[in-house]
Structures are given as C-alpha cells and as structure tokens.
Amino acid sequence: MSLPSVRARFMTPGKSHCRLALNAAFGAFVLAGAPLQADIPGGEHWAFQSLREVEPPRTDCHPIDAFIERKLREHGLQLSPPTDRRNLIRRLFFDLHGLPPAPERVAMFQKERTDRSVAALIDELLASPRYGERWAQHWLDLLRYADTHGFEVNTERPNAWPYRDYVIRAFNEDRPYSRFILDQLAGDATGEDAATGFLVASAVLLPGQIGKDAASKRLARQDALDEIIVATGDTFLGLSIGCARCHDHKFDPITARDYYTLQAFFAGVEYGERPLRNPEAAAKARVYSARIAEIRQRIARVKPPAIVARTILIDDEDAARTTHLAPKIGSGAKSPGTGRGNKDDPGGVNRVPNLSGNGYTWWTNTPARDVFTYNPGSSGEFRVWISWGAHGSGVHTRDARYVLDLDGNLKTKDDQEEIAKADQYYFAGVSQGETEKAPLWSGFLDAGVHQLREESRIILRGGETETAITADAILLQEGAPHSAHPVLRVPVNPLRNIERFRAVKARFVRFTSFATIDNNKHEPCLDELEIFQAGSDTNVALTGKPTSSGNYNDPVQHRLEHINDGHYGNGKSWISNEKGKGWVEIELADPVKIDRIVWARDRNGKFHDRLAHRYQIDIAFEAGQWTPVASSEDRVPYGIPFDQANAILRNLPPETEDSVRADARELARLEKELTGLQTTQKVYAGTFRKPDKTFLLNRGDAEQKMEEVSAAIPVVLGRIPLAPDTGEQERRLALARWIGGKDNPLTARVMVNRVWQHHFGRGLVNTASDFGLNGAPPSHPDLLDWLARHFIAAGWSVKKLHRLILTSRTYQQASSLQEKALALDEEARLLWHFPIRRLEAEAIRDSVLAVSGNLNLKMGGPGFNFFKTRGGLSGFPIVETFNDEGRRRMIYAHKVRMERAPVFGAFDCPDAGQATPRRSRAVTALQALNLFNSRFMIDQSEIFAARLRKEAGSDPAAQVERAFQLAYNRTPRPGKRERCEETVAAHGLSTLCRAILNSNEFIFMP
Ligand SMILES: [Ca+2]
Ligand SMILES: [Ca+2]
Ligand SMILES: [Ca+2]
C-alpha cells in the first residue's frame, strides 16, 4: 500500500519524507573513536558516538573564540572587530526579547563602557519575562503548535494554550533541559499536566472525521502515533525516525523494528483534553473563600437599602402591558458582548445589567406622532425609569418624548404631561461623542416620580429630529429613594435567597410561586422555608404547622413536612402539584416579630431545576389578612448576567461608611479572582490509558500485523532495560530519562545546536532536526562537542548556554563584510562576521507595537484573533483593526493551523502544518507591500505619530529625532533629518512613521 494518506497531505510537494541530501559545505565527516554500535552499518556515524572530551585550543581567551579563531586561521581569516555599542544592545534585545531597546536604556549602556556592563545587560535580558516569550516561539515552531485541530475541518482546539504558556514559563524559569524533556513526555508524572501538550501538538483527525470501519480507525490511530514518534525523534534527537514506518530507513541505521519498538512507548497515549491540575490555585482559592466569607459577614451587618414596596418591569415585548399605536418596522437585536449595552452586559458599579429582554422595537419617526404606550395597570407613586434602543447609525431620533396620560384616554389631552425626552442616538445620560454603530440597550434614564392611576398610560411620541424611534423596557419603582439607578436585588438562585423586610408581627407566612424556570416545565420545589425572629438567628418556622395548595406525589423525598423539618437538599424538600405554580404556608406556633425569610431550591447544590423565579411572600397576623413583604419584582430577572459584588456597591445607600465601600470593592475583586481560580481549566495535552499491544507492521500497513514488539530505543543507540509489561506512564518516563540522560549522544548536541542557530542564524550543524547520515556535518565538530559537554555539566541550563555564547567576541563582532572572507566563505559559516538577518514575523509585529507605544504585555491565557473565526472548514475573514487584546505579543495569537497570519504570514511565519526547525529569511517585495499597505501599519503609524507629538512636542526636528531614537536608537544622519522634516511638512508625521516602521533598518537584526 502507499504511504498512509493522512500524512501525505502535509508533505511538501516534490520532497520525499526523508530529507534530500543537502549540499554540505564541509564534506563528509567521521569521528575517530569507538562507535556505540560499530557492528551496525551506519553505526559509525559521528552523531551516534559519545560526546568527546575536547579542550579549547587556547585557554587565554573565551573558549568559543578559541575554537572559532582556530578554524578561521586555518583559512587565513579572522574575526571582525567588535560591533559598536548601539548595534550590540539592539542585537541583544532583538535576539533575546524580539523587541527593540528603549532609547533611555541605550543611552545608559553607551555610558558604561565595560565588559561587565555587557554581562549585566545579558543577565537583565535573560531575567525578563520577555525572554521566555521570544524563545518559546522557537520551540513551538518545532512542535507545529496550533490552536486548531487541522485537516479539512480544522475545528478550534480551545485548550491548547496552557502548553504554550508552559513552554514560556519553562524558558523563563530556566528549567533544566533534561527536566524540560521529562515534563513534555511525562508531565502527568512530574506535576506539569500542560507540558504533555507536546505529545499531541500535531494535527489530528477527530473521531467524526474517521471512517466508521475498523480499518480506517486503525489507520488513523497509526497516523496519530506516527506524529508523536516523528515529533520525539526530530525534536529531541534530531533523527527522522518517521521514515522507518514503512521500511528500514534509507540512510540512517533505523529499522522498521526500531520504529515500532519506539511506538510501543506511546501505545497508551490518546489525543484529548484533561483537567489541568493546579494545587497552587486550589490553595489560593481556599484563602480567598475564607476572606470572602469574612467580608460578606461584615457587609451583611449593613442595613439593606430602603424597602421597595413595588417594582414593575415592562418590556416593549410585554403584550399584556403595552399597546402599539403604529405598525412597528422591526426589532433591534442585542449586540453580542459584555460591554455597556451589549447582550451580556452584567452591569457595573454605576449601571444595572442589560434588562432589554430580546432587544428593542422601532418605528418610523414622525414628529409628534404617538407610536406606542406602556400600560402599568397599577396605582401609586412611582419613580419611572425609561430605556430605548441606542444606535449610532444616525437615524434614531435625538428627542423622543415620553408623555404620561393620567386617565389613559388618549383622546383627552389636558391630563397629559411630558415626563422625559430621550436622545436615542446615545446611552442614557450621554448626548455627545463617539457611539457604536450597533444596536445597544440605552440603560435607564430617571423620568422622575409620578402619581399613577390603574388606567394611566405612558405614551412614546415622535421627536422633532431624524427618521426612527425606538422603545425598550421601562421600570417603575414605588417608594424608591433617589439614586442614579434603580435598586434591584440579585436574581433568584437555587442555592439561597434571602428576603429582608421591616420587622413585623406575624402568625402566618405564605410563599406563592407564579412561575418556575424553563417555561414552567416543572412544579416548584423548596427544600426549606426558614423564618427568622427579628434581630436573631432563631428559625421560628421549625415549630410551625405547614399547609399547601397541593403536594407532589412522592412520599419519600418530597413531602409537605419537609418544608420546615430543618433538613436541606432535594431528598428533604417540598414540591407543589402544579407546574410553575403553588403555595406553601406555615402557621407559627406563636405570633412573633419577624424580619427575614430564607428559601432555596436545593442548598446542597445538586439540583438547579424547579426554581420559582416569579414569586411573592405574604404574611398575616389574622388569618386571611395577607400583606406582601417580598417578591421577585425587585430582583433582576432570572437568566440575566449579573455581577453580585457590583450590585452590592451600586445599591449601597449614600450614607454608607467608607469602610463598607472599601469592603465591597475588595469583595468584588476577590470574587472575580475566585471565579477564575475555581474554573477548572482543561488542557489539550493527551490522555493516558492502558497501552495497546504493538505489532511490527508489514510495509507500514495497519492491516498487516507481524510479530508483537515491546518498548525499546533504536538499537544503534543502545539499550534500556524495560520489561514488556511495563506500565504506560513508566514507559514514557523511561524514554524521557534516556533521552535526557547525560550519556545520550544526540540530545545535548541537538539542543546546543538549536540555541546556536537562533543566535547566529544557522547552526553548527545546518540541518537542525537531522543529525543523521543525511544531515549536514558540523562546521565545528570540536566546538559542538565541547558546548554539549559544557551544557550538561552546567546542569542543562539554557540560560547559562546563552550567557556563554553571548559573551564571546564571536557573537559581539561587527556584521560588516570582509571582501576576502566573502569570496572564500560567502555564507559566513566560519563566522568571520556576525550574520545580519531579517527579524521574524513575530519580532517585527511586536517591535512595531513597542515603538508606537501600545504593546500590551499581558501574558498567558487564550490567544487573540487574527481571524474572525477561531477554526472551521474554510474562509477565515481577517481582523484588520486590533483592540487592546490584539495588541499583545504575537506568540499569544490564536493560531489557526494551515492559515498564515494576515500580513505577517508573508514573513515565513510557519503555519503549523510541519515542524519548522529553521525559518526561511527570504526577503520579498510582497512582504514589504503587504506590510506597508496593511491597516495594522497605517493604524500603528498614526499611534506612533501621536506618541511623538506627546513626547517631542510640535517641533518637527524634535519629532524626527525622537522617531529615530525610538525606532533605530540613533540620531538621523546629516541631511537625513532635513529630508524627514520635509516629508512631515508635505505628507504628515504619520507618513514618516509609516516609512520608518517599514524600513530595512527597523526589521533587520544588526
Ligand atoms: Ca426589550
Ligand atoms: Ca388622557
Ligand atoms: Ca427540608
């Protein structure tokens, strides 16, 4: 059979899966010394031999320079002189952070002319969290990390990011590389759940995409395992093991048997999500909960706001309490989001949550035409709050009239009074400035206190301006104190509802349900009705006698006597015998003053159904003489997003002490944090089960099983003792320990070479993920082995390795060209100068944001969007303008597999289809054009210009100077400043900014 179909889609056309022989500049290279497995053909290959003990050729200089200079001398060449201080600091910043230095930092560095200041700068850069964000990207390239599953369907993989965050953290903490390997192969054993995202980073077919027949499933399973083996071999060992899936490797001494014995290490790994264990978060949550309980107790002592006798919410769609006088044209749907006026706006300290129901209704606006009335049907003195649909489109009337018609007869006008005017272009209380061009809820405007009769109506009348008029909910509150917003209580919830009222003597208490949630699907249920004696915690219901409108037929769990038996939970509850409705009443043993009633559906928190969301509580001293004391009317309707802490703050009466306000604010903060901590984060990091048996497959065909094999490493690399019945996790641990062991000939060489490559643009071995027979030989074999040994001896510390490399003259030399050297070694593999190169896409975008002054340094968590969809079949409309979230570092972008990021994708940004051990640095006209013309660059140029005006004032010379300092860390050259000033005069400052941000000097590492 042919190579399994699935992988084939990811292969670059025209390339075999095994890498083609590269044109190696240094010819074949074989090490002397005893090979590990000399009897195996190919076993004598240099990379399979133990690390040699090599000494630097000289000891009177930096060891790296000693190796590099020896080779240069052999070719009659030498290192270039040191680069200047400005280039050096820029080089270090771009290299370690992918961001330019601030002009002030450069100025400081230029003053301190010592080697110690360079070392201090390197330490400073390595200690910054920006370092991990930069170097994690190199690692993610290898892993083909993405936030979608790939293949045609390419659905979102919403919980991949914890792995990305783990990699950033591991680099920042300088986690020893051997431990880094252990975490990624067996983080479930090391307490790093997210790290095993390594195993499942590749594209994978989801169950629904695999054929239903057993053969398709077996093939898909082989493909999924192949990805893990390929990633492990390529990434850690620099070995293309995947080639041996169908037949013995063409070049390397890796057999098909080696492939399947390696597969056995992963035979229990499945692609999937599991909960991210986080003991620190759990401990923190306990501390927060205790603190919250403490503050809540203090706040509970504060007197509740004045009792609201009646609250009436009338939505524009409430057919029973509204009348249309003109045919409506349409409805304004709620705009998604949680911002002010959006669909899920939970309210804030100064505004109530979105109470607009489904949205608003709109009509054509004709001046003075009545289109609609609200008919409250209640008499009394009410504060009237009005709301409307706000839309910045420019058609909503700026002066809609609200007219109270006292007798409700619209023909009689002398009883009419205009109570409010609304500017429906804006939110309530706003009448100028920018506004969103989207349907929003206005929030409530206070229309004053008015005496209403049962028959009174509130008319919506056409304004003098514009062509449309809208109506949304109104709210009437009786006896409400004057406040900036209506006082509304928390929505009902299944766990606990507290009703407080002025102390009153009572003998009877009745709870009546008018409606239950889910459209009255079920009969209402209460697990306990508690009635408290005024000013005490004595529940006087316990000794009372219950009666009800009817009881549910369940003699075990749901009984009338359970309403006051002192036990909580569904098993000790009362349910009525009528869907949505029913009442339950308690006659107290003795009349007593009460001031608090507490009720719930299920205080044990298991059941959320059957909740009465429209209800009233009445009390009576004499039988039948009912007086309402509490109801659902003054609660925020059930199902509306609601922020409790904000509501507490909002409802605090004006005379509240400052300490209580501070408590409320602290409570709001803690509750938000706690919610975050208690949300169980999942991570896409593989799941583990009992391993399947592993068989050698004939020609890689899952249908042609041959003999069973057990877990073992490739024979050419030795042997680790492992019983055939070794458990799943133990297998991965054993493999990780062997890979990260100090005797492994490949691991340290491969990693130091990767680090070297990212510092110099190319590795000592030019094929960073192929150290096999087909890979390039090392340009400096002694240096490679010396570095690898040094790396291991220094505890596998990547930061120490950076320090070693960065403090060398080789790294700090100038990038200028030497003619003789260029003729001899065009690619500078001998390192006779520092190879300059274009920055990668991420560093360019991050640097633009940094220079324009609006880079958002928020770390971690779900990524921001380059596309308007986060996954899916096809069609990824691009995001062109970015909010604050979109101005984060590019490593925090939500990465859609196989879709190149807009604009920046052209800079060879990998698309996570295949591993990318080394990025192409091609410079093309398309890149420049894309970048120059992008909305992003135009926006950033304007922001950059605004920054210059702020920091340099209005003098064009000062603006140009500051622009050069920020972008290039230098002063403009003679003549250049004048030309720049002319550009500013002729085309504006942002045009100059755009030219600077698009210049080669800006996007090249010096
Ligand atoms: Ca509405
Ligand atoms: Ca009238
Ligand atoms: Ca009970």
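First listed ligand is number 1; within each ligand, the first listed atom is number 1.
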Check: Where the Ca ion (ligand 2) is the corner point, what angle links OG1 of Thr412 with OD2 of Asp415, to 10°?
Finding: 100°
Check: Should the pair Tyr402 and Trp388 be assigned to parallel (<30°), tilted (30 to 60°) or perpendicular (>60°) ring geometry?
Finding: tilted
Next item on the list: Step through it carefully: locate the ring centre of Trp599, locate the ring centre of Tyr615, and say whether they are under 6.0 Å apart.
Entry: yes
Check: Taking the Ca ion (ligand 3) as the vertex, how big is the angle to OE1 in Glu528 and OD1 in Asp565, rounded to 10°?
Finding: 70°
Item checked: Of all N/O/S atoms in Asp527, the name of the one nearest the Ca ion (ligand 3) -> O
Check: Between Glu499 and Arg635, is the closest basic N to carboxylate O distance under 4.0 Å?
Finding: yes
Notebook entry, point to check: Which is the closest N/O/S atom of Asp405 when seen from the Ca ion (ligand 2)?
Noted result: OD1
Next item on the list: Taking the six-membered ring for Trp and the single ring otherwise, decide whether the centroids of Trp363 and His324 are under 6.0 Å apart.
Entry: yes
Check: In His567, which N, O or S atom comes closest to the Ca ion (ligand 3)?
Finding: O
Note to self: So, of the N/O/S atoms that Asp472 has, which is the nearest one to the Ca ion (ligand 1)?
What the structure shows: OD1
Notebook entry, point to check: Got a sec: is Ala471 within less than 3.0 Å of the Ca ion (ligand 1) via an N/O/S atom?
Noted result: no
Next item on the list: Name whichever N, O or S atom of His562 ends up nearest to the Ca ion (ligand 3).
Entry: O
Next item on the list: Could you pull out the atom name of the N/O/S atom in Asp315 that is nearest the Ca ion (ligand 1)?
Entry: OD1
Next item on the list: Of all N, O or S atoms in Asp407, identify the one at the shortest distance from the Ca ion (ligand 2).
Entry: OD1
Next item on the list: Could you tell me the separation between the CZ atom of Arg401 and the CG atom of Leu460, rounded to the nearest 0.5 Å?
Entry: 11.5 Å
Next item on the list: Please name the atom of Asp316, restricted to N, O or S, that is closest to the Ca ion (ligand 1).
Entry: OD1
Item checked: Lys572 near the Ca ion (ligand 3) via N/O/S, less than 3.0 Å -> yes
Note to self: Can you confirm whether or not the ring centre of Trp385 sits under 6.0 Å from the ring centre of Phe382?
What the structure shows: no
Margin query: Any N/O/S atom, side chain or main chain, of Ser356 closer to the Ca ion (ligand 1) than 3.0 Å?
Written below: yes
Notebook entry, point to check: Hey, would you say the Phe607 and His522 ring centroids sit under 6.0 Å apart?
Noted result: no
Margin query: Please determine whether Asp414 has a backbone or side-chain N, O or S atom lying under 3.0 Å from the Ca ion (ligand 2).
Written below: no
Check: Can the positive tip of Arg507 be found less than 6.0 Å from the middle of the six-membered ring of Phe621, inside 45° of the ring normal?
Finding: no
Next item on the list: With Arg351 as the cation and Phe444 as the aromatic partner, state whether NZ or CZ is under 6.0 Å from the six-membered ring centre and within 45° of the axis.
Entry: no
